[in-house]
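What follows is a short report on a single structure.
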Amino acid sequence: MVELDLEIRQDTLFVRPEGELDLGVADLLRNALEESLNKNPVRHLVLNLSRVSYIDSSCLGVILGRYKRLAREGGRVSLVGLQPHVRRICELSGLFRIMGEYTTEEEAVARAG
């Protein structure tokens, strides 16, 4: 099971999952993100993956879907604190071609403006 910490600050949604992001939690992740995006005027999504030990294609698809939604509205998605294994999966999937990778949440927010 995964734990999700969501926080809204101004127009930024911070998501801090903990655990493994796999098919078993993809719907939970998608629903939590969509609910927050629908209820709040969010332009920037910061995914802090520092406590994620594994990610699979189903959750990469969830992230990509939120990227497409925010990009249509002029927003951005940033990835923060990736562990080496998770970083490699994101790199192979091509996410870094469309999303920024940052060391800290603060850096991600600063670069979004």
Side-chain angles (χ1 to χ4, degrees):
M1 197 61 187
V2 73
E3 229 178 270
L4 278 181
D5 174 33
L6 284 79
E7 176 188 358
I8 301 273
R9 272 190 269 150
Q10 297 172 337
D11 64 349
T12 302
L13 170 60
F14 295 88
V15 181
R16 302 174 191 102
E18 181 174 354
E20 294 187 356
L21 296 182
D22 58 19
L23 182 60
V25 299
D27 285 340
L28 171 76
L29 180 62
R30 179 182 300 105
N31 294 337
L33 292 174
E34 282 298 307
E35 184 178 332
S36 289
L37 293 173
N38 289 338
K39 289 182 178 179
N40 303 285
V42 172
R43 290 185 43 86
H44 189 198
L45 172 60
V46 175
L47 286 160
N48 185 331
L49 303 180
S50 62
R51 296 180 296 169
V52 171
S53 56
Y54 174 80
I55 189 167
D56 74 4
S57 61
S58 61
C59 287
L60 290 174
V62 170
I63 293 170
L64 186 58
R66 288 350 90 200
Y67 165 81
K68 288 178 180 178
R69 174 181 173 163
L70 288 171
R72 277 195 304 270
E73 302 164 5
R76 293 178 42 147
V77 175
S78 299
L79 305 173
V80 173
L82 282 70
Q83 299 298 318
H85 180 70
V86 172
R87 184 182 192 289
R88 182 78 177 129
I89 293 169
C90 290
E91 183 177 37
L92 290 171
S93 71
L95 286 187
F96 297 140
R97 289 195 296 266
I98 57 174
M99 298 175 199
E101 178 190 15
Y102 303 98
T103 307
T104 65
E105 292 179 4
E106 293 74 21
E107 182 186 5
V109 170
R111 298 278 178 91

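Atoms CG and SG, from Leu23 and Cys59 in turn, are 8.0 Å apart once rounded to the nearest 0.5 Å. To the nearest 0.5 Å, the span separating CD1 on Ile63 from CG on Leu33 amounts to 8.0 Å. Atoms CG and CG, on Leu4 and Leu21 in that order, are 7.5 Å from each other to the nearest 0.5 Å. The distance from the OG atom of Ser36 to the CG atom of Leu13 is 5.0 Å, given to the nearest 0.5 Å. Between the CD atom in Glu106 and the CZ atom in Arg111 there is a gap of 13.0 Å [rounded to 0.5 Å]. Rounding to the nearest 0.5 angstrom, the gap separating the CZ atom in Arg43 from the OG1 atom in Thr12 is 9.5 Å.
When hydrophobic clusters are built by joining Ile, Leu, Val, Met, Phe, Trp and Tyr residues whose side-chain heavy atoms come closer than 4.5 Å, directly or via intermediates, Ile98 is grouped together with Ile89. When the side chains of ILVMFWY residues are joined at heavy-atom separations under 4.5 Å, either directly or via intervening members, Leu6 and Leu79 end up in a single hydrophobic cluster. Under a hydrophobic-cluster definition in which Ile, Leu, Val, Met, Phe, Trp and Tyr are linked whenever side-chain heavy atoms come within less than 4.5 Å, directly or via other members, Ile8 and Val77 are assigned to the same cluster. Linking Ile, Leu, Val, Met, Phe, Trp and Tyr whenever their side-chain heavy atoms come within less than 4.5 Å puts Val15 and Phe96 in one cluster.
Atom CD of Gln10 sits in a sparse spot, with 12 or fewer heavy atoms from other residues, nucleotides or ligands closer than 6.0 Å.
Ionic pairing of Arg51 and Glu3 is not present here: no N-O contact between side-chain nitrogen and carboxylate oxygen is shorter than 4.0 angstrom. Using a 4.0 Å cut-off between charged nitrogen and carboxylate oxygen, Arg30 and Glu34 do not count as a salt-bridge pair.
Applying the side chain to side chain donor-acceptor pair (under 3.5 Å) test between Asn48 and each of Glu7, Glu18, Glu105, Arg16 identifies Glu105 as the sole match. Considering Leu95, Leu60, Val62 as possible partners of Ile55, the one that fulfils the side chain to side chain contact (heavy atoms under 4.5 Å, CB included) test is Leu60.
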### Task
Kindly indicate, with the supporting measurements, whether the criterion side-chain contact (heavy atoms from CB on, under 4.5 Å) is fulfilled by Arg88 and His85.
CA-CA 5 Å; Arg88 182 78 177 129; His85 180 70; 5.6 Å; no
### From CA spacing to verdict: side-chain contact (heavy atoms from CB on, under 4.5 Å), Val46, Tyr102
CA-CA 10 Å; Val46 175; Tyr102 303 98; over 6 Å; no
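When side chains are defined from C-beta on, Val86 does not count as touching Ser53, because their heavy atoms never get closer than 4.5 Å. Between Val52 and Val2 the shortest side-chain heavy-atom distance does not fall below 4.5 Å.
The minimum heavy-atom distance between Arg69 and Asn38, with the atom names listed, is NH2-OD1, 2.8 Å. Taking each heavy atom of Ser78 and His44 in turn, the nearest pair found is OG-NE2, 2.8 Å.
In this structure a side-chain-to-backbone donor-acceptor pair under 3.5 Å is present from Asp22 to Gly24.
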